[in-house]
Amino acid sequence: MYTIRGYEKVKSLEEAYEANQKNSSSIIGGGMWLRLGSKNIGSAIDLTDLGLDQIEETEDAFIIGCMTSLRDIECHKGMNRYFHGMMKEMMKGIVGTQFRNTATIGGSIYQRFGFSDPLTAFLALDTTVEMYAGGMIPLDDFVSMDYDRDILVRIHVKKDGRKAAYQSFRNTKTDFPVVTVGVSKSEAGWKVTVGARPGRAEVFKPVHPLSDEPEDEEIKQFAKEISEAAVFGSNMRASGEYRKLLAEVLVGRAVEDICLQLKQDTQEGLSR
Ligand SMILES: Cc1cc2nc3c(=O)[nH]c(=O)nc-3n(C[C@H](O)[C@H](O)[C@H](O)COP(=O)(O)OP(=O)(O)OC[C@H]3O[C@@H](n4cnc5c(N)ncnc54)[C@H](O)[C@@H]3O)c2cc1C
């Protein structure tokens, strides 16, 4: 169990950043991860007065405040419509509804857990993290950066017209995932992310891109190429070999989902 010796409900990000520079300080998101540790926290920094629990939709992005709960993202109609249900799919396996009502996206992305569903999914999109001191950093770079004492303020997800899909596998419902996969297709091409390897999610750019209307065999080949490029390890949940096989299947399913979305768009376009 953790211990909190001091508590600051800050009135500005500047105040939060200053307070967080002490090694004994800790930003408190939902506190769901912190509460399981044994940290001795000199000053618990509470961001709840800063209005960072909102999702804003602009013409070209969704901007998610760091204190937004996983549940609010899961249920966000605009984001789910735009990304074809991906928000619901990435969140639904994380523990339970009450848990997701409390855990925040700031705590989830800042921590860059290897098993993270949202990290894998947002990495497949065009996502940028807004850090208080570090400014705007593409998630593709942030994922491999070291921890510092900065504050993750918001997450910006570009509305660039890409199609996206998310897949994960758990041994039992509500457990940590054994493999997580995000796939997207934009004008720039296909982007695949694989997490819970069990290391942090990584981005894989396919060497052989798919044709416009790929047959099953081509998708299978594509998925195999990704799973062979990824490095998997073993832990109490699964062996590396098993993860590789699972990843191949999940990448294939996500690609099929996107191909279906593209087909539906074409059919809707023709019927208009
Ligand atoms: C039992 C259990 C099962 C879980 N299962 C899954 C799962 O299956 N899939 C999954 O993806 N995740 C899972 N998680 C992780 C969970 O979804 C959250 O990611 C985690 O609880 C952190 O979110 P939080 O808001 O609770 O953060 P906190 O516990 O409050 O904080 C976590 C860390 O992030 C720091 N922090 C918080 N907010 C910020 C910020 N804005 N800027 C900088 N630093 C910040 C804190 O100082 C702390 O070091 C699980 C967690 C638990 C406890």
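No experiment lies behind these values; they were computed from the predicted model shown. Read the numbers this way: they start at 1 and go in the same order the structure lists the ligands and their atoms. Side chains are part of it too, since the values below use all heavy atoms of this structure and drop only hydrogens, waters and symmetry mates.
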Residues that, via side-chain heavy atoms closer than 4.5 angstrom, fall in one hydrophobic cluster with Met1: none
Side chains of [X] and [Y]: donor-acceptor distance under 3.5 Å anywhere?
X      : Y      : result
Tyr166 : Asp117 : yes
Ser26  : Lys39  : yes
Thr180 : Thr120 : yes

Counting both backbone and side chain atoms, is some N or O of [X] under 3.5 Å from an N or O of ligand 1?
X      : answer
Ile28  : no
Ala103 : no
Thr104 : yes
Gly30  : yes
Ser108 : yes

Using side-chain heavy atoms (C-beta onward) and a distance below 4.5 Å, is [X] in contact with [Y]?
X      : Y      : result
Thr68  : Leu52  : no
Phe142 : Leu152 : yes
Arg112 : Tyr147 : yes

Is [X] salt-bridged to [Y], going by a charged N under 4.0 Å from an acidic O?
X      : Y      : answer
Lys224 : Glu228 : yes
Lys185 : Asp212 : no
Asp60  : Lys158 : no
Arg162 : Asp160 : yes
Lys92  : Glu74  : no
Arg170 : Asp175 : no

Go through ligand 1 atom by atom and flag the ones less than 4.0 Å from a non-hydrogen atom of [X].
X      : result
Ser116 : 11 (O)
Asp117 : 7 (C), 8 (O), 9 (N), 10 (C), 11 (O)
Ser26  : 47 (O)
Leu36  : 53 (C)
Pro177 : 8 (O)
Gln111 : 32 (C), 33 (C), 34 (O), 48 (C), 49 (O)
Arg170 : 7 (C), 8 (O), 9 (N)
Phe176 : 3 (C), 4 (C), 5 (N), 6 (C), 8 (O), 50 (C)

contact_flag Asp175 ligand 1 heavy-atom lt 4.0 Å: yes
Students should be able to answer this: which protein heavy-atom is nearest to [atom], and at what distance?
atom                    : answer
atom 41 (N) of ligand 1 : Leu152 O, 2.9 Å
atom 51 (C) of ligand 1 : Phe99 CZ, 3.4 Å
atom 35 (C) of ligand 1 : Tyr110 CD2, 3.9 Å
atom 26 (O) of ligand 1 : Met32 N, 2.8 Å
atom 47 (O) of ligand 1 : Ile27 O, 2.6 Å

Counting heavy atoms only, which of [options] is nearest [atom]?
atom                    : options                       : answer
atom 14 (N) of ligand 1 : Phe113, Tyr2, Phe115          : Phe115
atom 6 (C) of ligand 1  : Ile94, Ile109, Asp148         : Ile94
atom 30 (O) of ligand 1 : Gly107, Gly195, Gly31, Ala121 : Gly31

Could you tell me whether [X] approaches ligand 1 through its side chain, its backbone, both or neither, with non-hydrogen atoms closer than 4.0 Å?
X      : value
Trp33  : both
Val95  : side chain
Cys66  : side chain
Leu70  : side chain
Leu119 : neither

Geometric cation-pi criterion, Lys159 with Phe62: 6.0 Å, 45°: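 Yes, Lys159 and Phe62 form such a contact.
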Aromatic plane relationship, Trp33 with Phe115 - under 30° parallel, 30 to 60° tilted, over 60° perpendicular: tilted
